[in-house]
Every structure is written in C-alpha cells, then in structure tokens.
Amino acid sequence: MAPSKQSVRQSITLKGSTELVTEFFKYAVNTILFQRGVYPADDFHMVKKYGQTVLITQDLALENYLEKILKQVGAWLLTGAVTQLVVAIITKDSRTPLERWVFDINLVEQPSQEAVKQAQSSKPEAEIQAEIRSILKQIVSTVTFLPVIDEPTVFNILVYTHESANVPAGEWVDTDPLAIEASKSQQVKLRNFSTDVHRIEAMVSYRYEGDS
Amino acid sequence: MSLRKVPAGRPQPQPSSRFATTAKRDSLAAELERDPQLSTAKRQQRTHALNTTLSQAALERKLAAAETNRVQLETRLRERDAAIERLEADRRWLAEREQEEREEKERVSKEREDEKTKADQDVRSLRSELSALKEDYADLQDKLDALSHTTSQKLAAQAAELTSRERQVDSLSAELRASHDAAAAHSAEALRLQSALDAQATAQADLSRHDAEEASWSVLRGELTRQAEHTRQLEVAHTRAMAELGSLRERHTAIEVLREQNRALERRAAGADELRETVVRLEAEVQAARAEREAWATRAAAPETLAATPVSITQSLSALRLEHAHLLQEHGADRMALRQREAELADVRAREVDARATADTLLQETRAAEDRATRAERGAALAEREIGFLQALNASYASEEAAQGTGHVDQAKEQHVRELEALVDEYKVRTRALETEIQELAKRPAFNQGTGLQALRDDLTNEKHALQEARRALQEKEEEAERDREKIEELEQTLFDLRGEIGAGRHVPPGVRVLSLCENPAQNWTDLRQAALDRLKSENAALLQRLSALDRHVPTNPNPDANGEEQLVPRASWAAVCEEKAQLEAELKQRDKRMLRLRQVFAGKTAEFREALSAILGVKLAFYDNGQVRVTSQYDLGAAFVFQPAPRDESGGGARMQLVAQGEGGPQELPQLMRNWVEIEQSIPCFLASVTLECYDKWKREQQMGGGVTE
C-alpha cells in the first residue's frame, strides 16, 4: 500500500508544481510583452496576483495563443520533457532577434530519492510566491538597462524539449532558435524560484551594439 | 397575623351586653308593677330591646359567618402557605439540582481540561519521541553509511589482497612448474646414470669374470682417479674462472661507466677541439696581426713618436695587470680571512650555546641552594621559637615553684627537668630527622625537576615542530583552497558564459528540440507580409508581362485605341485597387453617417438649449458665425441688442460681452438704463433684466389697452 500512496502524493505534488510554473509563465510573458512594448499598453488591464498588481492582455488572439502554449507546456512539464522556455522578441521588418527571455526549467529531485524527499520539509507557498514576485519585479526593472526598442516588434515563444517528447503533430514545428550573434549579445541573469519539484532560472540575453 | 387579631377582639362585648339586657328587664318588670302608666314606654323599651336582641342575633350570625369565613380564609391561607412551602421546596430542590448540574458540568469540564492537557502532554511527548526517533534514524543512517563505507573499503582491501594472492599463486605455480621441470631433468639424469651404472655393472661382471682384465682395471682405475682429479681441478679452475668472471663483469661495468665518461669527455674534447681550433685561428690571427704590426712598425720606424706611445701603453697595461693580479691575491686573502672569521663565529656561537646551557644549570643550582637556605632558616627560626617556648615553660615552672612551698618541690622539679630534657632530646632527634628528610626531598625534586624539565623541553620542541608542520600544512591547504576558489570562480565564469551561449540561442544542447506553435504571432506577421508581397509580386509580374506584350504590339499596331489603353492596368492591381476603393468608400460612408448623426444631435441640443434660455430669461438669442450674439426681448421685438465678445487681453477673464448695437424699439428709459447699468455698473445681466422688466410692463399695458379698445 505504501508505495502506491507515495506515488499518488508525488504525482499531486508534481501537478501542483506544474500549475504554479505554468501560471508563472503566463504572468511573466504578459509582463514582458507589456514592459517591452510588443503590444500597445491599452491592450493590458490590471489584475491582482501574487500580492501585487500585474498586467494581463485583453487581446483575444494573444490570450488564445498563450493558453494553447501553456496547456501544452503544462503537459510537457508533467512528463519532464521540457527544459527551457524562451520568449524571443524580434523586429518586424528584418526579423532580427533583439531579446531572448530564457526560463530554464530544472527538475529539483529525481523520483528515486524518496527518502531524501520525505526528510525534506516542503517549501511554503508564501515563500514561492515571494520568489515569483521578485522575479516579476526584476523583469519590470530590466527596462532600466535594456536597450530602448524603437522599431515595431513581434514575439515568438520557443520551447526546448527532449527528443523523446510527445509532440502533437501539425500544431508544433521545429524552428530556428532565433539566436543573437555572439559579438552583439549580452546577458543578465535574473533571480530564480523553486517549488519542491521544479526550479526555474530566469535570464535575459539581448542584442547590444555599443553606445551608438 | 393582623387578620387574626381583629376577629378575636370582637366577641368580647357580647356577654356584657347580654348581661345588661337581663338586668334591664328585671328593673323594668319592677317598674311595671310599680308604675303601670309607664307601660307604653316599657313596651317601647321592650320592642327596642327586642330589636336590639334581633340586631344582636343578626350581628352574631354575621359574626359567625365572618368567623367561618375567617376559618375558611385561614385554611385557604394555610393551603396557600403549604403550596408556597411546597413550591419553595420544589424551588430549593430545583436549585439544588441546578447546582448539582452546574457542579457536574464543572466537574466534566475540569475532566475535559485535564484530559486535554494530558492529551497535549501526550502529543508533546510523542512529538519529542518522534524527533528523538528521527534523530536516531539519522544516526542509524550515518552508522549505516559508515558501515557501508568500511565494508566497501574492506572489500577493496580484500580484492587487492586477493589479486596479490593470485599473483603469488601464479608465481608459485611458475616455480612449481620450474621445479617439476627440474625434477624431470633430475629423473632423466638419474635414468641416464642408472643405465650407465647398468652398463658398468655388466662391464664389471665381465671384468670379474675376466681377472685378466684386472690389470687393465687398475689402469682404468688409475685413469679414473686421474680423470677425477682432473675434473676436480677443472671444477676449481671453473669456480676461479667464475669468480674472475664476476670481477671482470664488475670491471666491465666500471669500464662501461668509464667509457661513458670517456665518451662524454670526448664530446667535451670535441668541443675543446673546436675551441682549440678557434684558439689556433685566433693565434694565427694574432700572429698575423703581430706581423702586420711589426710590418707597420718597421714601415713606421722613422717617426719615433708613434713607436713611443705603444710602449708606454704596454707598460701601463702590464702595470695594470700586475695590479690586477695583486688585487686578486688580496681578494683571495680576504676571502680566506672571512672564512676564518665565519668559522670562528660558528665556534663562538656553539660556545655561547654551551655557556647558556651551563648558565641554565647554574641558575637551577642556585635556585636549589636558595631553597635549601630558606628551609634551613625556617628550621632555625623554628628552633628559636622552641627555645623561647621552653624558656617560658621554665619560667612558669620557676614561678610555680616560687608560689608553692620549697619542701618536696625539689624532687618534683628534678623530675620535671628530666622529663623536659628527654623531651628536648626527642625534639632534637625529630628535628634532625625532619631536616634530613627535607634535604632528601630537596635533592629529589631537583633531580626530578631536571629530568622532568628536560622531558618537558623535549615535548615543547616536539610540539613546536608539530605546530610548525601543522601551520605549514594549513598554509598549504589555504593555498590549495585559494587555488580551488579561483578555479571555482573561473568555472562559474565559464558556466555563465556557456549559459549565455545557450540563452542567446547560439548553442542548442544535443538531444533537444526547439519547438514553436505553427500559428505564432511572428509567423502570422510574416505570413501577412508574405501575402502582401506575393500580391505585389503578382501585380508586378502582370505589369511586366503587359509591358512586354505592349512592346511586341506597338510596332505592329501603332495607333492605340481606347480598348488598349484600358488594358494597360493589369487585372490583379485593378482588383486590388477596386477592393481598396470599396473599403475606403465603405469607411467614408460610415463616417458620413456618423457625422450626420452628430450634427442632428447637435442641432437638436442647441435648439433645446436656446428654448430653455428664452423661457427662463425672457430673451431670444441668435448666435452669429463671427461670435456676435443678438439678444431680442420676448416682450418687445424692437428691443434688440447685439453683443460681441470683448478681446481677451483687455479683460483677462472669460467671455465678457460688449454691447455693440441696439435695435430701434425698446423702452423709453433705455438711454438711462444703458448709462446706469452698462457704463457705470458695467453689468450686462442687470441691464438685460431691467430692460426685460420695462418691456414686460409696456407689453402688459399694451395688452390691457388693446383689450379695452377691442371691447
């Protein structure tokens, strides 16, 4: 009886963590899109989340797109197939990648280490929320050092998965990683947050061509 | 109680009244007999008496009724009292019940609390037990880890041992095989010897049979002995040769070494040869130069001055060389002296160390001697104190003697003196024994102290060495840690760089796919743009095609007709333009409609507003395009005024109006009103109000007059 019970508990924990992480992605992507001016500011409205005000898009098409992506990412998170989620901001005219917001997804512990996991006390949700809040605040504050974007941009969300991942055919396609050239790329590591199962490390790398 | 008292007081007058009537009857009867005249009065009296008795009886009856009533009331009261008592008892009983209940409740709650506290305690103890068990578990886990570690170590050691054993076994088996081989060789040798022995035995049998061959045997024996001797000699020679061979081998190795050295020397010699060659060459050059110089000298023998200078130079050179040599010699001498001084210095240092050691020992000795001296002084002081004590005792005895008589005191005194002397002797012996003991003790600790000190010093030096080693090890470790830290920093930097590589998307880790949704915003945008581009391209292509077609047609058909002009625009761009036009037209229509609606609304609102104004203020307003406003009174259409907004810079305020024109009509007091309100007071609203009032009066008057005329 014991192992089945444990496995049930494990799956619940994983599910809860997955929900937390996908929700975080939703708000993080919305914050990035608002802060970097990818969509007009009128499209966003304020909601209360994580004990602070965050901006959420009202554009139906964008909402649908995000929902679709996050649903699939949630499914991949449950199987542990996804390793990275990237929000790439590219120029409309020349398709030049300007910024890549990278969220590394690490599995905190392997399921085999059950003894360790039991000994470990679970992290309180308030602490996780505080970590998420600090990441979102950092995303907002990056505007101070990121180069000003003065041309129309569009964005894309890339998902790095394992080869063995179950990919719904027709909806998802392999794509170019939208890399920034090595000579013009700078990166800044942001904070991270972790649940009992996942650890999310955020980073932004951006195109920087001197002070000109 | 008061109720009871009142009825009890009433019956008392009853017997006295009865008694009075009887007394009266008797007197009356007597009077009847005496005076019959008075019979009517008597009759009246009698009737009166009867009445009184009757009323008395009635009263008595009433009294009885009242009595019964009272009794009834009393009984009822008693019943009430009983009931009240019963109720009181019930109430008491209930109160008791309540109290009991309350007590019960309190008891129960107390029990509950007790149970709760007990349960809390239990929980706390269980928690502590749990934590203890967890700690135990952790300990056990540690132990398990340690055990597994040791077992793994043991396993590794045993495996190593096993491999060494296997190697041993291998070597032993090889040895065994070798010994087997040797045994086989030995057995073969034995067989061979056996066969030889057999052969010899057979030969011997033949010899025994043939005595004649005895002689030859002796010869053979001799030969054999000679052979044996020879073999022994050979063996000896062999051993000697072997020894020689060993020495020769050694020598050979030495020779090899020497050869090697020789080769090195030869190599050096080759270098030296080169040097020699260069020397020879230089010598030749020197000789050539000398010859040249001599030639020069001979050639330049005539001028004496030229020859003189080289000679002086050479002289000075030689002198300098001599000086140099001298200096070198001095230097050598100085160095020697320095060496000597250094040796002396070392000697002196050694001597100093010795002297220090002797000083230390001397210091120790002096300290020991001081100790001894202090001890002796202390002993002396003790002895002096003792003497004092004895003298005091003696004095006390003397005083005692003086106090007592002289008769038999002498004997007692003598006895006392004897005892005291014995005591003194005993004390002296004891003192001496103690002194010797002290001396021994003083010697022993000094000895012990010396060895103990030495051991302590050794320990100290050992400890110092250990400390130094530990410090060195610590330093090494710190350096190592520093190196590690640097390495960690480097690695972190590289990790960060690599993360950046991945983050910038330049590197995709192997076994990872990069996926995106088919319908993403970027794709949508590019699709849209692609469609527009395609459209333009197709338009362009059509245009080019059309152009080329026209080029081809122009020479054949030089006069362009209307039809051809129409076909200049390709259908694709025509369609695109049409579509755009339709869109724009639709938009225009929509805007027009909206504009119209707005205008209607605006007009409606304005009319409403104007009506409201005229209804409230009694004036009609007309707004002109140039900003002027015409105000006409409702009651007199002739009283019209035109106002114009005052220039802003003058007034500074908002819309101040200026009266610029006036109608023909109006009240008769108009000029006065205007002067008063507009020029002096500068209040147009008041002016208009007064005008309105005037007009109203006029209109009303006209109405009345008109009414009167018509009637």
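Side chains are part of it too, since the values below use all heavy atoms of this structure and drop only hydrogens, waters and symmetry mates. Since we're looking at a predicted model, the values are computed, not measured. In what follows, every chain begins at residue 1, and chains take the letters A, B, ... in the order their sequences are listed.
The closest side-chain heavy-atom distance from L596(B) to Q600(B) is below 4.5 Å. Considering only heavy atoms from C-beta on, R36(A) comes within 4.5 Å of L146(A) through its side chain. For the pair L85(A) and W101(A), the minimum side-chain heavy-atom distance is 4.5 Å or more. Inter-residue side-chain proximity for F193(A) and T195(A) is flagged as met; some heavy-atom pair is nearer than 4.5 Å. With a 4.5 Å cut-off on side-chain heavy atoms, F24(A) and I200(A) count as touching.
Only the backbone of I157(A) comes within contact range of chain B, with at least one heavy atom under 4.5 Å from a heavy atom of that chain. Contact annotation for D59(A): neither backbone nor side-chain heavy atoms come within less than 4.5 Å of a heavy atom of chain B. Neither the backbone nor the side chain of V204(A) comes within contact range of chain B; no heavy atom of the residue lies under 4.5 Å from a heavy atom of that chain. The contact between L158(A) and chain B is made by backbone and side chain atoms together, counting heavy-atom distances below 4.5 Å. Contacts of E99(A) with chain B are absent, with no heavy-atom separation under 4.5 Å from either backbone or side chain. Both the backbone and the side chain of V159(A) come within contact range of chain B, with heavy atoms under 4.5 Å apart.
Contact count versus chain B (heavy atoms, under 4.5 Å) is highest, among V86(A), D176(A), D174(A), for D174(A). Counting heavy-atom pairs closer than 4.5 Å to chain B, the top residue among K92(A), M203(A), E201(A) is K92(A). Contact count versus chain B (heavy atoms, under 4.5 Å) is highest, among V173(A), V38(A), T83(A), I180(A), for V173(A). In terms of non-hydrogen atom pairs under 4.5 Å with chain B, the most contact-rich of T175(A), V154(A), V102(A) is T175(A). Across A182(A), A61(A), P177(A), S164(A), the residue that shares the most heavy-atom pairs under 4.5 angstrom with chain B is A182(A).
Residues of residues 515-534 of chain B that come within less than 4.5 angstrom of chain A, heavy atom to heavy atom, are L515(B), S516(B), L517(B), C518(B), E519(B), N520(B), P521(B), A522(B), W525(B), T526(B), R529(B) in numerical order. Contacts of residues 139-149 of chain B with chain A at a heavy-atom distance below 4.5 Å are absent; not one residue qualifies.
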What's the verdict on side-chain hydrogen bond (donor to acceptor under 3.5 Å, both in side chains) for S128(B) and S131(B), showing C-alpha distance, side-chain angles and the deciding distance? CA-CA 5 Å; S128(B) 61; S131(B) 60; 5.5 Å; no
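Separation of the F103(A) and F25(A) ring centroids falls under the 6.0 Å cut-off.
Looking at R207(A) and E181(A), a side-chain N of the basic residue comes within less than 4.0 Å of a carboxylate O on the acidic one, giving a salt bridge. Under 4.0 Å is where a charged nitrogen must lie from a carboxylate oxygen, and between E587(B) and R591(B) at least one such pair does.
Using modelled atom types, one finds no donor on one side chain facing an acceptor on the other under 3.5 Å when comparing D43(A) with Q58(A).
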